[in-house]
J.: 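Sending over a structure as structure tokens; questions will come in a sec.
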Amino acid sequence: MRYDIVIIGGAIVGSSVAYYLREEGFSGSIALIERDPQFAHAATTLSMASIRQQFSIPENIRLSQFTLKLFRRLKEEFGAEADIGFREGGYLILAGEAGLPILRANHAAQVAEGADILLEDADQLTRRFPWLSAEGITAGAYGRSGEGWFDAHAMLMLFRKALRQKKIDFISASVSGIERQGDRVTGVSLDNGERLEAGTVINAAGPNAGKVAALAGLALPVEPRKRNVFVFEAREKYADMPLLVDPSGIYVRPEGSVYLTGGAEPEEGDGPANAGDFEVDWPLFEEVIWPVLATRIPAFEAIKPTRAWAGHYDYNTLDQNAVIGPHPAVTNFLFANGFSGHGLQQAPAVGKALAELIVHGGYRTIDCSAFGYARIAEGRAFRELNVI
Ligand SMILES: Cc1cc2nc3c(=O)[nH]c(=O)nc-3n(C[C@H](O)[C@H](O)[C@H](O)COP(=O)(O)OP(=O)(O)OC[C@H]3O[C@@H](n4cnc5c(N)ncnc54)[C@H](O)[C@@H]3O)c2cc1C
């Protein structure tokens, strides 16, 4: 079997690349290879499914803005039934005195990109959100529109369903080898013993992307990092509550009648997760998250955790930013990796960008050159400061 393009990983990034390749007019053959077709362990389906414009780097803001526009015209793109339950609840990123300069600089970058983010002091914030305690807070940046949350599984299914009409071969298998002759990748081998020749290979393997790159003899500093999400009930329901990020890094947002929270993993000791480890670290909720929530939102003194899950971030250890585009030497091997906790919201834009690169030979809608592999080879960080 020979395919013009082989995409390794069929969750949101791989599906989006395949979708936009066809949208941009690519007529060659495409194989989308996925080892976990129920997506039980994909970052996509285990994510917090939120979208923001509050990034420090203009390119990241632009990627999210592309997706936001897509969300706002979802039915035009995917049909009248399309619905991902997008709720434009906003983000509220809080800072104490120490975090204020960064919050201000980020806010300036966001406003320059046309984002609807307000920078408010502690008094303004507590007037806007009476349930909030401003203890230790100097200011906060609030996304009045253009930010919120949605159903990640529904989004993935929209893309996957659309692909069925686009002549894509879905292959359920694990890529166990990548063949290379000099500066070209030539094919992939699968764990079922099959071998596919490939004109181009795209790495969309999420947290496993570092290992997949290594199969081609290429270094990519992307590894799985475990992140826990806890669900809890509270008596008080705050309909106006945004996704709140405390200066400690702990976040909380409403999800229907319950709340989701996380962000408690300590920096110290944070390292690669065992690929099969999805066990929830419950002590993080009791010992770290709950005290912070009860301080920030006093009514959350009385809450009841009901369930939890753990997923893996596709963590870029160099600079917590995406790696997008071809390897400079092995130019028919392309990366769409290392999103470090913000890849779901970037996936449509990245799919579009890579499709433009392949079909037209250059980026047209969003220039993703700054995310290119060259910086990885040089060890030059392109750092995103707002990693949640
Ligand atoms: C707890 C948590 C919260 C998050 N919250 C957010 C958020 O609020 N907003 C946001 O934008 N992002 C968030 N993210 C990040 C986001 O989920 C990821 O960046 C994004 O889903 C990456 O998509 P992907 O398709 O690259 O990876 P994945 O969804 O992990 O998909 C990769 C796929 O590749 C397959 N694969 C891997 N290796 C092989 C192989 N060798 N052969 C065949 N198939 C293979 C895997 O089975 C998998 O299905 C969060 C992540 C986690 C874990």
Side-chain angles (χ1 to χ4, degrees), residues 6-18 31-52 55 60 63-64 67-68 91 147-153 155-156 159-160 170-178 188-192 196 201-216 222 224-230 243 245 251 253 255 260-265 273 275 278 280 308-316 320-324 335-351 387-388:
V6 166
I7 303 173
I8 305 173
I12 196 63
V13 170
S15 297
S16 167
V17 174
L32 187 56
I33 308 178
E34 174 52 55
R35 64 179 180 184
D36 168 24
Q38 300 299 316
F39 301 104
H41 291 124
T44 297
T45 44
L46 296 175
S47 89
M48 277 284 293
S50 306
I51 179 167
R52 60 188 160 115
F55 289 97
N60 276 333
L63 292 175
S64 281
T67 302
L68 176 67
Y91 271 60
E147 300 186 315
W149 45 91
F150 51 94
D151 179 338
H153 189 262
M155 177 184 175
L156 175 60
F159 276 92
R160 301 271 304 176
F170 292 88
I171 298 175
S172 292
S174 182
V175 171
S176 49
I178 298 179
V188 300
S189 42
L190 308 180
D191 62 346
N192 60 13
L196 311 177
V201 172
I202 300 176
N203 184 353
N208 196 35
K211 290 229 164 88
V212 164
L215 293 177
V222 173
R225 294 255 175 126
K226 190 159 98 171
R227 295 293 181 266
N228 299 267
V229 179
F230 301 90
L243 190 157
V245 187
Y251 60 78
R253 74 159 170 85
E255 174 69 41
L260 304 184
T261 183
E265 290 76 13
F278 290 90
V280 171
W309 72 86
H312 291 166
Y313 266 20
D314 39 358
Y315 197 86
N316 174 349
Q320 293 79 60
N321 243 333
V323 183
I324 302 171
F335 301 93
N337 307 120
F339 299 98
S340 309
H342 43 266
L344 185 62
Q345 65 197 282
Q346 297 192 330
V350 171
V387 175
I388 296 172

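Atoms within a ligand are numbered from 1 in the order they appear, just like the ligands themselves. Remember, predicted model here, so these are calculated numbers, not experimental data. For reference, positions follow the sequence shown, starting with 1.
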J.: Measure from atom 11 (O) of ligand 1 to every heavy atom in Arg253, Gln345, Gln346 and give the option owning the shortest one.
T.: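 The residue whose heavy atom sits nearest atom 11 (O) of ligand 1 is Gln345.
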J.: Do the non-hydrogen side-chain atoms of Tyr251 and Val229 ever get within less than 4.5 Å of each other?
T.: yes
J.: So between Arg52, Arg225, Glu34, His312, whose heavy atom ends up nearest atom 47 (O) of ligand 1?
T.: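 The residue whose heavy atom sits nearest atom 47 (O) of ligand 1 is Glu34.
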J.: What atoms in ligand 1 come closer than 4.0 Å to a heavy atom of Ile33?
T.: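 Reading through ligand 1 atom by atom, the close ones are 43 (C), 44 (N).
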J.: Is there a nitrogen or oxygen of Gly10 sitting under 3.5 Å from a nitrogen or oxygen of ligand 1?
T.: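 Between Gly10 and ligand 1, no N or O pair is found under 3.5 Å apart.
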J.: Backbone or side chain, does any N or O of Leu344 fall under 3.5 Å from an N or O of ligand 1?
T.: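 So ligand 1 has an N or O lying under 3.5 Å from an N or O of Leu344.
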J.: Test the Arg227-Tyr313 pair against the cation-pi criterion, namely NZ or CZ under 6.0 angstrom from the six-membered ring centroid and within 45° of the ring axis.
T.: yes
J.: Return the closest protein heavy atom for atom 1 (C) of ligand 1 as residue, atom name and distance.
T.: Leu46 O, 3.4 Å
J.: From the options Ala152, Ala347, Gly341, select the one whose nearest heavy atom is closest to atom 12 (N) of ligand 1.
T.: Gly341
J.: With distance as the sole criterion, is a donor-acceptor pair present between the side chains of Gln345 and Ser64 under 3.5 Å?
T.: yes
J.: At a non-hydrogen distance cut-off of under 4.0 Å, which region of Trp149 contacts ligand 1 (side chain, backbone, both, or neither)?
T.: neither
J.: Below 4.0 angstrom from a heavy atom of Phe339, which ligand 1 atoms are there? Numbered from 1 as shown, please.
T.: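 What qualifies from ligand 1 is 19 (O).
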J.: Any idea which atoms of ligand 1 are less than 4.0 Å away from a heavy-atom of Pro207?
T.: 30 (O)
J.: What are the atoms of ligand 1, with element, lying closer than 4.0 Å to any heavy atom of Val229?
T.: 1 (C)
J.: Going by distance only, is there an N or O of Arg35 that falls short of 3.5 Å from an N or O of ligand 1?
T.: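 There is such a contact, yes.
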J.: Between Ala209 and Asn203, which heavy-atom pair has the shortest distance, and what is it?
T.: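 So the minimum-distance heavy-atom pair works out to O-ND2, 3.0 Å.
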J.: For the residue pair Phe39 and His153, is the inter-centroid distance of their aromatic rings smaller than 6.0 Å?
T.: no
J.: Heavy atoms only, cut-off 4.0 Å: how does Ser15 contact ligand 1, side chain, backbone, both, or neither?
T.: neither
J.: Does ligand 1 have any atom that is closer than 4.0 Å to a heavy atom of Ala173?
T.: yes
J.: Counting each atom of ligand 1 from 1 as listed, which ones have a heavy atom of Tyr313 under 4.0 Å away?
T.: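 Answer for ligand 1: 2 (C), 3 (C), 4 (C), 50 (C), 51 (C), 52 (C), 53 (C).
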J.: Assess the side chains of Asn60 and Asn321: does a donor N or O sit below 3.5 Å from an acceptor N or O?
T.: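 Short answer, yes.
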J.: Does the N or O separation between Gly14 and ligand 1 drop below 3.5 Å for any pair?
T.: no
J.: Enumerate the atoms of ligand 1 whose separation from the nearest heavy atom of Val13 is less than 4.0 angstrom.
T.: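 Those atoms are 23 (O), 24 (P), 25 (O), 26 (O).
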J.: Going from CG on Leu243 to CD1 on Ile51, what distance comes out if it is rounded to the nearest 0.5 angstrom?
T.: 12.5 Å
J.: So is there a nitrogen or oxygen of Tyr91 less than 3.5 Å from a nitrogen or oxygen in ligand 1?
T.: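 Such a contact does not occur with ligand 1.
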J.: Could you list which atoms of ligand 1 come closer than 4.0 Å to a heavy atom of Asn208?
T.: 37 (C), 38 (N), 39 (C), 41 (N)
J.: Angle between ring planes, His342 versus Phe55, binned at 30° and 60°: parallel, tilted or perpendicular?
T.: perpendicular
J.: Can you name the closest pair of heavy atoms from Val13 and Ala347 and give their distance?
T.: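 Heavy atoms of Val13 and Ala347 come nearest at CG2-CB, 3.9 Å.
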J.: Taking only heavy atoms of Gly9 into account, list the atoms of ligand 1 that are under 4.0 Å away from them.
T.: 33 (C), 34 (O), 35 (C)
J.: Indicate, as side chain, backbone, both or neither, the part of Ile12 found under 4.0 angstrom from ligand 1 when only non-hydrogen atoms are considered.
T.: both
J.: Is Ser340 in polar range of ligand 1, meaning some N or O pair under 3.5 Å apart?
T.: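 It does not: no N or O of Ser340 is found under 3.5 Å from an N or O of ligand 1.
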J.: For Ser172 and Arg35, which I'm curious about, is there any donor-acceptor pair between the side chains at under 3.5 Å?
T.: no
